[in-house]
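One structure is given here, and the rest of the page talks about it.
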Amino acid sequence: MGRFVVLTLNGLTEGAIYAAMALALVMIWRATRVVNFAQGAMAMFTTYLALFALERGAPYWAAFIVALLCGLLLGAVVERVLVRPVESAPPLNVVILTLGVLLVLEALAPMLFGGQIRSFPAAFSIVGMRVGSLAIPFSPFDLFTLGSVLGLMVILLLLFQKTDLGLRMRAAAFNAEVSRLLGIRVGRMLTLGWALASMVGALAGVLIAPSLLLYPTYMDQVLVFGFTGAILGGLDSPPGAVVGGLAIGFALSYVGGYFGSDLETVGALVILVAVLMIRPRGLFAWQSQRQV
Amino acid sequence: MLEIVGLTVAYGPVIALQDVSMSIPHGSITAVLGANGAGKTTLVRTISGLVRPRTGSVRLDHTEISRLAPEEIARLGIAHVPEGRGVLAELTVEENLRLGGLWRKDPTDRRRALAEAYELFAPLAGRRHLPASTLSGGERQMLSIARALVARPRVLLLDEPSLGLAGRVLGQIMARIKHLVRERGLTVLLIEQNARSALSIADEAVVLSLGRVAAADRARRLAGEEGLRHAYLGF
């Protein structure tokens, strides 16, 4: 029983990270119908930039903001400079392009920041909290991870559902042509969508770096798990992505805890294959009428 | 005034419009008639910027607009109600309507325009918070037209508004549009398959045939020309 609680709490924290990754992938998928395979590498790069700031004496929170702002900027630049010119090309071209961005960033990072494994600080203690004499395997940093992912998601939800800007962004994602006839500057909306998605990814990168350690490919696995979560929820559904990401976090934690951590990746693969076979459009597919 | 001069549009090697010229006077309804494939939809898509002309120009009050992006043309006050699927099915009825006027600066006027739309299109009011995907074909068409009017356009491009609409409802909508034409100087370009009903409400009419202007005159006079009616309009 005690073990189950430990694994559940552990799964919750990791699930929050995968949910963020999944949400980032879904936001870009909805905006431009591209699976952004560079999402992990972009988050890796912005986390390195945060570390760069830390090493030059910046306080943690400044570095945290640096990561998020650089994420915003990197997403916008990738969309504007690289994705936009191949927008009307066959979808496969854009996918290959994001793979290219992944390779370039993972090659660039060791050149700029060194290839060795680095540690990355956490904002709060990573030692489990105590309630009276009871030790809970849940640290203040876990709480912060959960809270900040949740907080960013609530902000995005409010932006998309409650503001005119969010309405424009959703319209542009659903139907670019009709949106343009309504005077919406679709290009700007897509750039903004990529920027916000990339910021969500950057948050995941900074939050997971203390436990995974920082090296050029440290986000690859997180991307795979986030992608699995996104598929689980249905690529078109942001709430689905969050639920899917959390589910992957729990599932992998149980697989790792009960069957050995070597099997975590296999576990993700099994889930991915199972979902694609049983509900290829994801568990939340009823929310969208759109053919993919 | 909307002026089209020497417009030629091609999709690859296929010429859709050839040397088309017409002027659509301020505060009037101009019907564009013709068979399927005559180039009617291409004409409105070119005016709203979705299609780039090969040569020729489109001018709104003497300003060249044929090289502008569709979103900038919309912001000049040209509202295009596309044929069929113009509604964003994933969004609610109210969100669709709000989108119509979002580019306009004055929020109080945007709210007023929204209220007017619900008043005129009563069936939409009861469903404002439902996804547009739950609407019937006719209601979607209604929503599409209502959304265009929320923008308080100077020029309204209507592509087959009768599609899926019951005659009585269409009559009400057209009566409202006529009112806007008379009271506020709205300029309307109306594309219709159904020539008879279009000619009955239009002031001017242009007949397109295979991408060229076959005839242009006062609507009333065109309706009286028997030979033309037989050749192009099928009644």
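In the text below, chain A, chain B and the rest are named by the order of the sequence lines, each starting its count at 1. These numbers come from the heavy atoms of this one structure, side chains and all, not from hydrogens, waters or symmetry mates.
- Glu83(B) and Arg45(B) are not joined by a salt bridge, as no carboxylate oxygen comes within less than 4.0 angstrom of a charged side-chain nitrogen.
- Only the side chain of Arg170(A) comes within less than 4.5 Å of a heavy atom in chain B; its backbone stays farther off.
- Ring geometry, Phe225(A) versus Tyr18(A): the interplanar angle exceeds 60°, so the pair is classed perpendicular (tilted spans 30 to 60°).
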Give the C-alpha distance, both sets of side-chain angles, the deciding distance and a yes or no for side chain to side chain donor-acceptor pair (under 3.5 Å) between Asp61(B) and Thr63(B). CA-CA 6 Å; Asp61(B) 298 333; Thr63(B) 312; over 6 Å; no
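- Leu88(B) touches chain A through its side chain: at least one heavy atom from C-beta onward sits under 4.5 Å away, while N, CA, C and O do not.
- Within the 4.5 angstrom heavy-atom criterion, atoms from both the backbone and the side chain of Leu102(B) approach chain A.
- Between the side chains of Glu192(B) and Ser162(B), at least one donor-acceptor pair of N or O atoms lies under 3.5 Å.
- Using a 4.5 Å cut-off between heavy atoms, Arg147(B) contacts chain A through its side chain alone, with no backbone atom that close.
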